[in-house]
**Q** 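My questions will all concern the structure given below.
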Amino acid sequence: MITQNKGAILILSGPSGCGKSTLLKEVYKDISDYYFSISTTTRASREGEKHGVDYYFVSKEEFEKDIEAGNFLEYANVHGNYYGTSLKPIMKALHENKLVIFDIDVQGHKIVRKKLNDIITSVFITTPSLKELEFRLNNRSTDSKEVIQKRIINAQEEIKSFLKYDYLIINDNLQEASKQLVSIANAARVKSKLSSLTIIQDWLEA
Ligand code: ADP
Ligand code: 5GP
């Protein structure tokens, strides 16, 4: 019989401040059976962020030990800090047929694509303009002027990668963008069924 369920990965990328976390919070109530991949990072926690909820906050030394131990599915240096996705919880969630959601940068997307291409759906999220991105980063008031400046410079490079993604969401109206993300999340599960190599045999024998 053809299996109905299969783990799938949904990757969200986009410049810092475009609204990825805000959008995810909006859509969680409308999608089921998902697992959000909590990344590990060496960046300092922002006010209100919790260890083990938003990120696992670790030292550079701890992060480098994990790299050596082969604990990451992918990792990258983003805006001057390490960020990485731990392999074990991802594999567990996939075995449980969950929709695994990643909020990772364009470098991470490239690496994971190479490793797990068949079960990946990806979406690039951005603001309607660079000016709006700058406004949101300043308005969020979580980062220093220097950090914001670095993120704005990096955003102009990151945006060039959007064609490597399956979908593009311009997060202007939050409700509209949320609806689009829910549709993509649902499609991601359907798409991952294609990766079954035994699909024809299963169908014939059912
Ligand atoms: P990211 O996770 O991509 O870094 P955030 O989710 O933290 O971005 O959003 C950055 C800022 O933009 C936050 O202050 C958030 O409230 C705001 N924001 C998010 N989406 C929208 C939107 N559609 N319209 C206006 N402001 C938004
Ligand atoms: P922030 O510091 O604003 O939380 O995140 C900065 C950037 O790091 C964002 O583009 C975010 O998508 C990316 N990021 C977060 N976690 C990971 C990760 O595990 N791997 C990679 N490659 N990028 C990540």
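Atoms within each ligand, like the ligands themselves, are counted from 1 in listed order. The basis for the numbers below is simple: all heavy atoms, side chains too, and nothing from hydrogens, waters or symmetry mates. Numbers here are sequence positions counted from 1.
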**Q** Describe, in one word, how the ring planes of Phe162 and Phe124 are oriented to each other, choosing from parallel (under 30°), tilted (30 to 60°) and perpendicular (over 60°).
**A** tilted
**Q** Could you tell me how the ring of Tyr165 sits relative to the ring of His109: parallel (under 30°), tilted (30 to 60°) or perpendicular (over 60°)?
**A** parallel
**Q** Give the single entry among Glu176, Lys20, Arg136, Gln175 that approaches atom 24 (N) of ligand 1 most closely by any heavy atom.
**A** Arg136
**Q** Among all protein heavy atoms, pick the one closest to atom 7 (O) of ligand 1 and tell me residue, atom and distance.
**A** Arg140 NH1, 2.8 Å
**Q** Does ligand 2 come near enough to Gln107 that some N or O of the ligand is less than 3.5 Å from an N or O of the residue?
**A** no
**Q** With no hydrogens and no angle check, just 3.5 Å: does a side-chain donor-acceptor pair link Ser59 and Glu62?
**A** yes
**Q** Taking the side chain as everything from C-beta on, heavy atoms only, tell me whether Arg189 gets closer than 4.5 Å to Ser32.
**A** yes
**Q** Between the side chain of Lys88 and the main-chain N/O of Asn71, is any donor-acceptor distance below 3.5 Å?
**A** no
**Q** Test your reading of the structure: does Tyr83 have an N or O sitting under 3.5 Å from an N or O of ligand 2?
**A** yes
**Q** So which of Ser13, Ser39, Ala155 gets nearest to atom 19 (O) of ligand 2, if we judge by its closest heavy atom?
**A** Ser39
**Q** Just distances here: any N/O of Asp103 and N/O of ligand 2 closer than 3.5 Å?
**A** yes
**Q** Answer yes or no for Gly14: is there a heavy-atom contact with ligand 1 below 4.0 Å?
**A** no
**Q** Verify whether the ring centers belonging to Phe36 and Phe102 lie closer than 6.0 Å.
**A** no
**Q** Provide, to 0.1 Å, the distance between atom 8 (O) of ligand 1 and the closest protein heavy atom, together with that atom's residue and name.
**A** Gly19 N, 3.1 Å
**Q** I'd like to check which ligand 2 atoms, numbered from 1 as shown, lie under 4.0 Å from a non-hydrogen atom of Arg43.
**A** 1 (P), 2 (O), 4 (O)
**Q** Of the protein's non-hydrogen atoms, which lies at the shortest distance from atom 2 (O) of ligand 1, and what is that distance?
**A** Ser21 OG, 2.6 Å
**Q** State whether the shortest distance between N or O atoms of Arg151 and N or O atoms of ligand 2 falls below 3.5 angstrom.
**A** yes
**Q** Taking the six-membered ring for Trp, are Tyr28 and Tyr34 ring centroids under 6.0 Å apart?
**A** yes
**Q** Using distance alone, decide if ligand 2 has a nitrogen or oxygen within less than 3.5 Å of any nitrogen or oxygen in Glu49.
**A** no
**Q** Does Lys20 come within less than 4.0 angstrom of ligand 2, counting non-hydrogen atoms of the residue?
**A** yes
**Q** Which protein heavy atom lies closest to atom 7 (C) of ligand 2, and at what distance to 0.1 Å?
**A** Val78 CG1, 3.8 Å
**Q** By number and element, which atoms of ligand 2 are closer than 4.0 Å to a non-hydrogen atom of Gly108?
**A** 22 (N)
**Q** Can you check whether Glu74 has an N/O within less than 3.5 Å of an N/O in ligand 2?
**A** yes
**Q** Side chains of Asn171 and Leu181: closer than 4.5 Å at any heavy-atom pair?
**A** no
**Q** Indicate whether any N or O donor in one side chain lies under 3.5 Å from an N or O acceptor in the other, for Arg140 and Thr142.
**A** yes
**Q** What I'd like to find out is whether the side chain of Ile159 reaches to under 4.5 Å of the side chain of Thr126, using heavy atoms alone.
**A** yes
**Q** For atom 15 (C) of ligand 1, what's the nearest protein heavy-atom neighbour? Residue, atom name and distance, please.
**A** Thr22 OG1, 3.6 Å
**Q** Going by heavy atoms, is Leu24 under 4.0 Å from ligand 1?
**A** no
**Q** Looking at side-chain heavy atoms only, is the closest gap between Asn138 and Lys145 below 4.5 Å?
**A** yes
**Q** Would you say Leu12 and ligand 2 have an N/O pair spaced under 3.5 Å apart?
**A** no
**Q** What is the distance from atom CD of Gln107 to atom CD of Glu74, rounded to the nearest 0.5 Å?
**A** 9.0 Å
**Q** Consider every N or O of Asp172 and every N or O of ligand 1, then say whether any pair is closer than 3.5 Å.
**A** yes
**Q** If the cut-off is 4.0 Å to any non-hydrogen atom of Ala76, which atoms of ligand 2 fall inside it?
**A** 22 (N)
**Q** Can you tell me which residue and heavy atom of the protein come closest to atom 10 (C) of ligand 1, and the distance to 0.1 Å?
**A** Gly17 O, 3.5 Å
**Q** Among protein heavy atoms, which sits nearest to atom 23 (N) of ligand 2, and what does the distance come to when rounded to 0.1 Å?
**A** Asp105 N, 3.1 Å
**Q** Is any side-chain heavy atom of Leu116 closer than 4.5 Å to a side-chain heavy atom of Ile9?
**A** yes
**Q** So do Val123 and Thr121 actually touch side chain to side chain, heavy atoms under 4.5 Å?
**A** no
**Q** Could you walk me through whether Lys179 and Val27 pass the side chain to side chain contact (heavy atoms under 4.5 Å, CB included) check?
**A** CA-CA 8 Å; Lys179 269 195 221 156; Val27 303; over 6 Å; no
**Q** Which atoms from ligand 2 have a heavy atom of Ser16 less than 4.0 Å away?
**A** 3 (O)
**Q** Taking the side chain as every heavy atom from C-beta outward, state whether Leu99 and Asp33 have any pair of such atoms under 4.5 Å apart.
**A** no
**Q** Below 3.5 Å, N or O to N or O, backbone or side chain included: is there any such pair between Glu132 and ligand 1?
**A** no
**Q** For ligand 2, which is the ligand I care about here, please tell me if Tyr75 has any N or O atom under 3.5 Å from one of the ligand's N or O atoms.
**A** no
**Q** Below 4.0 angstrom from a heavy atom of Thr85, which ligand 2 atoms are there? Numbered from 1 as shown, please.
**A** 19 (O)
**Q** May I ask you to identify the nearest protein heavy atom to atom 20 (N) of ligand 1, giving residue, atom name and distance to one decimal place in Å?
**A** Asn171 ND2, 3.1 Å
**Q** Quick one: does Leu23's side chain get under 4.5 Å of Leu174's, heavy atoms only?
**A** yes
**Q** Given that the side chain starts at C-beta and the backbone is N, CA, C, O, which of these parts of Asn139 lies under 4.0 Å from ligand 1, counting heavy atoms, or is it both or neither?
**A** neither
**Q** Please report whether ligand 2 has a polar contact with Tyr55, defined as an N or O pair separated by less than 3.5 Å (distance criterion only).
**A** yes
